[in-house]
Amino acid sequence: MAQQGVTPQSEDFSRWYTDVVQKADLADYSPVRGCMIIKPYGYELWEAVRDGLDWRFKETGHKNAYFPLFIPESFLKKEAEHVEGFAPELAVVTIGGGKELEEPLVVRPTSETIIGWAFQKWIQSHRDLPLLINQWANVVRWELRTRLFLRTMEFLWQEGHTAHATHEDALAETMRMLGVYADFAINDAAIPVIQGRKSQQERFAGALNSYSIEAMMRDGKALQAGTSHDLGQNFAKAFDIQFTDESNELQYCWTTSWGVSTRMVGAIVMTHGDEMGLRLPPKVAPVQVVIVPIFRKDAEQGPVMDTVNRIFADLKAAGIRVHVDNRDTMSPGFKFNDWEMRGVPLRMEIGPKDVEKNSVALARRDVPGKAGKEFVSQDGIVETVLDRLDDIQASLLEQATEYRNSHLHEVSSSYADFIDVINGGEWALSWFCGGAACEAKVKEDTAAVSRNFPLEQPHPGETGKCIICGGAAHEMAYFAKAY
RNA sequence: CGGGGUGUGGCGCAGUUGGUUAGCGCGCUGCGUUUGGGACGCAGAGGUCCCCGGUUCGAGUCCGGGCACCCCGACCA
């Protein structure tokens with residue numbers, strides 16, 4: 001369905017986001033409050049995320065499996081912190097088949113517990129380890145305040161769950177998967193994420209430590225785009241996941257879990273989008289090239305469409321996701337705007353002049369207006385297109401990196417300066433003791449929290465004074481307002 | 001869950017001190033002309049005015065009560 005433009009990003013970022021998501025046909029509201037309908041174009045984008053992650057999981061030795069949507073309520077209660085963390089947002093089924101259930105069933109908010117139960121059955125010896133499982137699933141968390149893709153009551157994600165013989169192995173896995181997420185985010189989604197460890201306050205309920213990749217949106221806010229948890233032996237003990245080691249001694253496993261959700265789609269939208277709408281990195285774009293045929297009268301239609309069809313076939317054969325916009329009720333100008341709003345990286349215009357001159361017009365989405373438009377030969381068009389797509393992919397990452405770098409500041413001068421940076425809508429990188437009281441104070445003063453202690457510390461080996469309490473700090477952390 | 005706002009064709013809105021056939025723009029359908037940056041003409045279709053109750057000769061409009069959604073704050077991938 002044709003739509004007019006979106007609210008300019010500069011005018012109202014929230015509305016821009018809502019507009020883009022709906023007008024670019026990514027998603028729609030549902031009759032159930034807080035849930036969403038993912039439309040085909042949005043789902044294709046999610047599929048690109050899914051596929052990009054899935055092969056990486058398999059490459060690192062993981063297998064997919066599927067566990068039940070319903071979890072016995074008692075399972076959730078086995079790990080103390082875990083219950084406490086999730087209790088407020090659980091959906092619970094108490095009636096089935098018209099009868100009250102003996103034990104209520106929780107609709108999974110995450111699957112550590114039921115997978116823990118299964119692992120306990122599957123693991124006996126150190127020879128069964130490591131056990132590397134992933135599942136693609138939907139989960140439900142009863143959220144009060146929702147936003148399409150960023151926070152909905154039901155969302156799609158993948159959750160990896162692994163069990164290891166030693167803490168060293170489990171931690172290595174935790175970090176390996178964080179790296180996989182960063183690799184996907186940077187190289188496929190063109191989002192320059194920061195890998196780091198969450199503070200104790202911000203970690204997953206039931207984890208020893210949580211790690212995240214943090215991304216900066218175009219409004220300066222932070223978005224956690226993926227998390228990886230070192231669960232220690234907490235769930236192993238709660239679910240009795242034990243194995244016999246080489247010396248025939250019974251030991252508890254060390255487990256991990258890690259997840260990326262449809263929130264990644266929101267991250268892509270808010271990292272690259274501009275005034276006119278979406279801008280999609282070629283590697284995840286459902287449509288990489290859109291061809292808009294242009295012809296004036298019937299006599300021109302034949303030759304133009306011959307060229308269009310030939311080039312379409314060539315591009316498609318080369319594995320490029322290409323679409324021909326042959327809607328005959330819309331003018332070319334309308335189509336240009338329409339596809340720009342939808343974020344298609346490269347537009348190809350083919351008209352009578354191009355047929356005559358053996359050329360096509362190429363317009364790249366990452367460079368607005370005429371500056372991004374060029375006329376190229378039809379000879380070697382596949383190579384030209386592949387080259388431009390690579391270039392756009394790199395350019396979007398570069399633009400996002402530049403934006404992010406220019407909106408984060410290392411602050412070690414004073415707490416007042418630190419507050420100024422955060423209230424100015426930017427990120428502060430400061431020495432932080434990690435204390436709960438300090439974290440609470442920042443939240444109180446700015447509504448921001450720590451995002452993570454980056455793995456790559458700016459001053460490795462050095463120590464400093466916590467920007468909040470002045471106490472000893474051996475790491476710096478990012479602070480920002482977040483989604 | 002607190003504060004503010006909005007409910008009128010698919011979408012965005014107008015609708016006066018209550019007054020009879022509820023309008024406008026976009027979109028949609030048909031035909032024709034158009035087509036290199038958001039085309040145009042003609043002819044059409046499409047409405048329980050969020051719901052329930054009340055006041056009145058008469059309610060989209062006034063009153064009471066619900067419900068839904070949106071925005072801003074406390075909790076979260």
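Residue numbering restarts at 1 for every chain, and letters A, B, ... go by the order of the sequence lines. Note that the coordinates shown come from a computational prediction; the quantities given were computed from them, not determined experimentally. Computed from heavy atoms alone, side chains included, the values below leave out hydrogens, waters and symmetry copies.
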Mind checking whether [X] and [Y] have ring centres under 6.0 Å apart?
{"X": "A:His161", "Y": "A:Trp258", "result": "no"}
{"X": "A:Phe155", "Y": "A:Phe149", "result": "no"}
{"X": "A:Trp117", "Y": "A:Phe119", "result": "no"}

Identify whether NZ of Lys or CZ of Arg in A:Lys39 sits under 6.0 Å from the centre of the six-membered ring of A:Tyr41 and within 45° of that ring's axis.
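Checked: cation-pi criterion not met.
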
Taking the same atom, [atom1], in [N] and in [M], what whole-Å distance lies between them?
{"N": "B:C50", "M": "B:G9", "atom1": "P", "answer": "8 Å"}
{"N": "B:U20", "M": "B:G15", "atom1": "P", "answer": "16 Å"}
{"N": "B:A45", "M": "B:C26", "atom1": "C1'", "answer": "16 Å"}
{"N": "B:G12", "M": "B:C70", "atom1": "P", "answer": "12 Å"}
{"N": "B:G27", "M": "B:G65", "atom1": "P", "answer": "42 Å"}
{"N": "B:C1", "M": "B:G37", "atom1": "C1'", "answer": "49 Å"}
{"N": "B:G41", "M": "B:G25", "atom1": "P", "answer": "11 Å"}
{"N": "B:U6", "M": "B:A14", "atom1": "P", "answer": "10 Å"}

Cationic N near anionic O, under 4.0 Å, [X] to [Y]:
{"X": "A:Asp338", "Y": "A:Arg342", "value": "yes"}
{"X": "A:Arg108", "Y": "A:Glu159", "value": "no"}
{"X": "A:Arg364", "Y": "A:Glu374", "value": "no"}

Side chains of [X] and [Y], heavy atoms from C-beta outward: is any pair under 4.5 Å?
{"X": "A:Pro293", "Y": "A:Met305", "value": "yes"}
{"X": "A:Glu214", "Y": "A:Tyr478", "value": "no"}
{"X": "A:Lys77", "Y": "A:His82", "value": "no"}
{"X": "A:His229", "Y": "A:Leu208", "value": "no"}

Can you tell me the distance, in whole Å, between the [atom1] atom of [X] and the [atom2] atom of [N]?
{"X": "A:Met341", "N": "B:G37", "atom1": "CE", "atom2": "C1'", "value": "15 Å"}
{"X": "A:Asn337", "N": "B:G27", "atom1": "CG", "atom2": "P", "value": "14 Å"}
{"X": "A:Trp142", "N": "B:C1", "atom1": "CH2", "atom2": "C1'", "value": "15 Å"}
{"X": "A:Asp298", "N": "B:U35", "atom1": "CG", "atom2": "C1'", "value": "12 Å"}
{"X": "A:Asp28", "N": "B:C69", "atom1": "CG", "atom2": "C1'", "value": "14 Å"}

Can you sort out which residues in residues 354-378 of chain A have a heavy atom within less than 4.0 Å of RNA chain B? Ascending by number, please.
A:Asp354, A:Ala361, A:Lys373, A:Phe375

What are the two closest non-hydrogen atoms of A:Pro192 and A:Ile186, and how far apart are they?
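For A:Pro192 and A:Ile186, the tightest heavy-atom pair comes out as CA-CG1, 4.2 Å.
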
Base, sugar-phosphate, or nothing for A:Lys335, non-hydrogen atoms under 4.0 angstrom?
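The answer is nothing, as A:Lys335 stays clear of every strand by at least 4.0 Å.
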
Remember a base hit wins even if backbone is also touched, and classify A:Glu340 as base, sugar-phosphate or nothing at under 4.0 Å, heavy atoms.
base

Exercise: do A:Gln195 and A:Asn452 side chains pair donor with acceptor under 3.5 Å
no

With the criterion being N/O to N/O and under 3.5 Å, what pairs connect the protein with nucleotides 11-14 of chain B, and how long is each?
none

Contacts under 3.5 angstrom, residues 418-427 of chain A side chains, donor-acceptor by atom type, not counting sequence neighbours:
{"residue": "A:Glu426", "atom": "OE1", "partner": "A:His409", "partner atom": "NE2", "Å": "2.4"}
{"residue": "A:Trp427", "atom": "NE1", "partner": "A:Gly220", "partner atom": "O", "Å": "2.9"}

Show your working on side chain to side chain contact (heavy atoms under 4.5 Å, CB included) between A:Arg347 and A:Arg365 and close with a plain yes or no.
CA-CA 8 Å; A:Arg347 179 182 74 241; A:Arg365 183 64 179 85; over 6 Å; no

Test side-chain hydrogen bond (donor to acceptor under 3.5 Å, both in side chains) applied to A:Asp54 and A:Arg50, A:Lys58, A:Arg56, the passing residue:
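Only match with A:Asp54 under side-chain hydrogen bond (donor to acceptor under 3.5 Å, both in side chains): A:Lys58.
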
Using a cut-off of under 3.5 Å, enumerate the N/O to N/O pairs linking the protein to nucleotides 39-42 of chain B.
{"residue": "B:A39", "atom": "OP1", "partner": "A:Ser331", "partner atom": "OG", "Å": "3.1"}
{"residue": "B:A39", "atom": "OP2", "partner": "A:Ser331", "partner atom": "OG", "Å": "2.3"}

side-chain hydrogen bond (donor to acceptor under 3.5 Å, both in side chains), that's the test. Do A:Arg263 and A:Gln224 meet it? Break it down for me.
CA-CA 9 Å; A:Arg263 175 179 263 195; A:Gln224 178 173 298; over 6 Å; no

Go ahead and write out RNA chain B as dot-bracket, 5' to 3': ( ) for pairs within the strand, [ ] for ones crossing earlier pairs, | when the partner sits on another strand, dots for unpaired; Watson-Crick or G-U wobble, both distances under 3.5 Å.
(((((((..((((.....[...)))).((((((.....)))))).....(((((..]....))))))))))))....

Protein-to-nucleotide contact annotation, 5' to 3' order, nucleotides 70-77 of chain B [B base; S sugar-phosphate only; - none; under 4.0 Å, heavy atom]
S-BBBSBB

